[in-house]
Amino acid sequence: MLPVTAFATAGPRVPFERTTIERRDLGPRDVLIAIAYAGICHSDIHTAREEWGATTFPLVPGHEIAGVVEAVGNEVTTYAVGDRVGVGCLVDSCGECRHCVAGNEQFCRSSIGTYGSTGRDGRPTAGGYSTHIVVTEAFVLRIPDALPLDVAAPLLCAGVTTYSPLRHWKVGPGSRVAVAGLGGLGHMGVKIAAAMGAEVTVLTRTDSKADDARAFGAAHVRATADGTAFRELRNGFDLILNTVSAELDLDRYVRMLDVDGAMVNVGLPENALSISLMSLVGNRRSLAGSPIGGIAETQEMLDFCAAHGLGSTIETISATEIDAAYERVVAGDVRYRFVIDTATIPA
Ligand code: NAP
Ligand code: ZN
């Protein structure tokens, strides 16, 4: 076993503390990664606060990991010491089911999450709020040289979770896309959809992020707080990408879809939402959801972002600031992703 330093929480709203965890010994196909940066995703917060159900504690979250290869097992062929790499939400899957064979590991019934899962060794998996991680090479991504590691880290979840549905729903020139919520996922959704050629509208609670939204590539920004946007934009979009972490009035959003439009939900609020089927039937609209993305698609997204010069817009924090960062994310006070600099984790 390889003891490494991490930041863990012992229960819902219990402050993060420095601790020592054990990574497995390097197997023949394993890669040991020295983590440089780990993004804070709102999913980390939902999990740590048990908003999605029971969580196993202590919990080391973090599934937006960027770092450098420190060692490789003797059968590893794709990575070498010194390579710049990333790890996202998954660290393993069965490799044999139709989803894995198709490169859609996110749908594998026995995929293993980067944290909060049980690893092949029977021990709980632990995420990126840590100095090192051991991952089988098939789940390691290559970070293109054009992307600095700090702004690349959030792409491993926020990037692929928005890229995947934008590709699946065939967004391109001529697409009228609305992105609801301008947080970690939302700001990447705007950057990626704009780079794909879509006409992007940001739906955000207030005007406070309007200048940023335009800088990210949005053609239009509409504040939703007073409700007028919902009336004025009725039947106006082909796709709405909902990244909001809290409950929404689905009917008001869905009615902004044109004929055959789809509202794709990636945000995962704590409580259930309801909708009137009247809102769907009229324009033959769809209400859909989408989870992260497969490994090949994650690499495709990283290469796409490098080619278009897209990184996340980040605020770097030290590991002792995780609790404060959680409060700020929940308060909507993040522009647009907190990234932990793991050099601040004391040995
Ligand atoms: P985030 O950075 O906190 O962004 C969420 C945004 O939602 C906020 O910036 C805010 O945008 C908006 N919002 C927050 N509270 C709201 C409220 N009460 N009413 C209306 N809008 C509100 O979170 P994130 O990391 O992007 O994650 C977003 C959601 O996606 C989370 O639920 C997360 O768990 C989920 N997620 C899902 C997947 C997946 O695979 N499907 C992957 C990763 C994350 P404005 O200030 O612009 O209004
Ligand atoms: Zn995430």
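Read the numbers this way: they start at 1 and go in the same order the structure lists the ligands and their atoms. All values below come from the heavy atoms of this structure, side chains included, with hydrogens, waters and symmetry mates left out.
There is no side-chain donor-acceptor pair under 3.5 Å between D92 and T136.
In terms of protein heavy-atom proximity, atom 43 (C) of ligand 1 is nearest to C157 SG, 3.3 Å. Counting protein heavy atoms only, atom 1 (P) of ligand 1 is closest to H42 ND1, 3.7 Å. Distance from atom 46 (O) of ligand 1 to its nearest protein heavy atom, with residue and atom name: K209 NZ, 2.6 Å. Taking atom 16 (C) of ligand 1 as the reference point, the nearest protein heavy-atom neighbour is R205 NH1, 3.3 Å. Closest protein heavy atom to atom 47 (O) of ligand 1: T204 OG1, 2.6 Å. Atom 35 (C) of ligand 1 has V266 O, 3.5 Å as its closest protein atom, hydrogens excluded (heavy atom only). Residue, atom and distance of the protein heavy atom nearest to atom 26 (O) of ligand 1 are L185 N, 2.7 Å. The shortest contact between atom 2 (O) of ligand 1 and any protein heavy atom is with G184 N, 2.8 Å.
Residue R123 qualifies as enclosed at atom CZ: its count of foreign heavy atoms under 6.0 Å is above 12. Crowding of M1 atom CE: a count of heavy atoms from other residues, nucleotides or ligands under 6.0 Å exceeding 12. Residue E321 qualifies as enclosed at atom CD: its count of foreign heavy atoms under 6.0 Å is above 12. In this structure, D226 places its CG atom where more than 12 heavy-atom neighbours from other residues, nucleotides or ligands lie under 6.0 Å away.
Residue contacts with ligand 1 include R337, since one of its heavy atoms falls under 4.0 Å from the ligand. Assignment of G332 to the shell around ligand 1 is not supported, since no heavy atom sits closer than 4.0 Å.
Residue-level proximity to ligand 1 for H46 is carried by the side chain, the only part with a heavy atom below 4.0 angstrom.
Those atoms of ligand 1 that come under 4.0 Å of a heavy atom in I292, given as number and element, are 39 (C), 40 (O). Close contacts between ligand 1 and W52 involve ligand atoms 34 (O) [criterion: under 4.0 Å to a heavy atom]. Near G181, meaning under 4.0 Å from any of its heavy atoms, are these atoms of ligand 1: 11 (O), 47 (O). For ligand 1, the atoms closer than 4.0 angstrom to any heavy atom of S43 are 33 (C), 34 (O), 35 (C), 36 (N), 43 (C), 44 (C).
Ion pairing of E75 with R29 is present here, as a side-chain N (NZ or NE/NH1/NH2) and a carboxylate O approach within less than 4.0 Å. Classification of E315 and R328 as a salt-bridged pair holds, one side-chain N sitting under 4.0 Å from a carboxylate O.
Annotation: cation-pi geometry satisfied between R167 and F304 (NZ/CZ under 6.0 angstrom from ring centroid, within 45° of ring axis).
Checked against a 3.5 angstrom limit, the closest N/O atoms of L268 and ligand 1 fall inside it. Note: no N/O pair closer than 3.5 Å links P269 and ligand 1 by distance alone.
Two rings, from F16 and Y326, have their centers less than 6.0 Å apart.
Angle SG(C157) to the Zn ion (ligand 2) to SG(C41), rounded to 10°: 130°.
Here atom 29 (C) of ligand 1 lies nearest to T243 when heavy atoms of V330, T243, D212, L248 are compared. Remark: among candidates V244, T162, D333, V160, the nearest residue to atom 21 (N) of ligand 1 is V244, based on non-hydrogen atoms. Counting heavy atoms only, G267 comes closest to atom 30 (O) of ligand 1 of the residues G267, A246, S208.
Under the 4.5 Å side-chain heavy-atom criterion for grouping Ile, Leu, Val, Met, Phe, Trp and Tyr, L149 is not connected to Y129 through any hydrophobic cluster.
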Handout entry: Test ring-ring contact (aromatic ring centres under 6.0 Å, His included) applied to Y336 and F216, step by step
Key = CA-CA 11 Å; Y336 282 84; F216 298 152; 5.0 Å; yes

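Counting heavy atoms from C-beta on, the side chains of H187 and K209 never come closer than 4.5 Å.
Within the 3.5 Å criterion, the main-chain N or O of P3 finds no donor-acceptor partner in the side chain of T20.
At a threshold of 2.8 Å, the Zn ion (ligand 2) has a backbone or side-chain N, O or S atom of H63 nearer than that distance.
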